[in-house]
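To start, the structure under review is shown below, and the notes come after it.
Note that this is a predicted model, so its numbers are computed, not measured.
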Amino acid sequence: MELGTREKEILALERRAFPGPGAKERAIREELDLSPVRYYQLLNALLDDERALAHDPVTVNRLRRIRETRRAER
């Protein structure tokens, strides 16, 4: 089974670079029509989804490393 459109859009947004503070949150609201809190909930769930890893391994592995680093710092 393949990822849905929303999941692909979330991963695509994570691949992008943003110019300054607030730009990513603005893109989340305007392009995905999600609150940033909901976006990060969906993104976190996606990082554990093997379909996401198959779709975009570079982005998913990078985000998994960041997540693990942050967890280890706590």
Side-chain angles (χ1 to χ4, degrees):
M1 198 167 151
E2 196 172 299
L3 289 175
T5 302
R6 167 114 351 166
E7 289 86 3
K8 289 178 182 177
E9 291 171 343
I10 289 171
L11 291 174
L13 194 125
E14 280 301 313
R15 283 192 301 269
R16 291 172 36 195
F18 293 93
K24 183 175 183 180
E25 286 72 18
R26 191 168 37 259
I28 291 168
R29 284 191 170 92
E30 293 174 1
E31 296 174 24
L32 301 178
D33 195 31
L34 290 171
S35 73
V37 170
R38 183 65 183 141
Y39 171 84
Y40 287 110
Q41 289 171 340
L42 293 170
L43 176 61
N44 195 47
L46 261 178
L47 297 183
D48 296 323
D49 190 329
E50 292 304 313
R51 297 174 303 157
L53 182 61
H55 176 75
D56 191 347
V58 172
T59 301
V60 171
N61 282 324
R62 177 178 57 83
L63 295 170
R64 283 179 175 180
R65 282 191 305 273
I66 292 168
R67 181 175 67 177
E68 290 307 313
T69 299
R70 289 182 180 158
R71 283 182 180 169
E73 290 174 353
R74 291 182 192 166

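With rounding to the nearest 0.5 angstrom, the CG atom of L43 is 4.5 Å from the CG atom of L47. The structure places CD1 of I10 at 9.5 Å from CG of L3, a figure rounded to the nearest 0.5 Å.
Contacts of E14 classified as side chain to side chain donor-acceptor pair (under 3.5 Å), with partners at least two apart in sequence or in another chain: K24, Y39. In this structure P57 satisfies the side chain to side chain contact (heavy atoms under 4.5 Å, CB included) test together with L53, N61, sequence neighbours excluded. Under the side chain to side chain donor-acceptor pair (under 3.5 Å) criterion, E2 pairs with K8, not counting sequence neighbours.
Taking the side chain as every heavy atom from C-beta outward, V60 and L11 approach each other to under 4.5 Å.
Applying the salt bridge (Lys or Arg N to Asp or Glu O under 4.0 Å) rule to pairs touching residues 31-43 yields R16-E31, sequence neighbours excluded. For the salt bridge (Lys or Arg N to Asp or Glu O under 4.0 Å) condition, the pairs that include at least one residue of residues 61-72, sequence neighbours left out, are D48-R67, E50-R64, E68-R71. Applying the salt bridge (Lys or Arg N to Asp or Glu O under 4.0 Å) test to every pair with at least one member in residues 51-61, sequence neighbours left out, gives these pairs: R15-D56, D49-R51.
Heavy-atom minimum distance, A52 versus L46: CB-O, 3.3 Å.
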Are L34 and Y40 close enough, and set up right, to give a side chain to side chain contact (heavy atoms under 4.5 Å, CB included), and what steps lead you there? CA-CA 10 Å; L34 290 171; Y40 287 110; over 6 Å; no
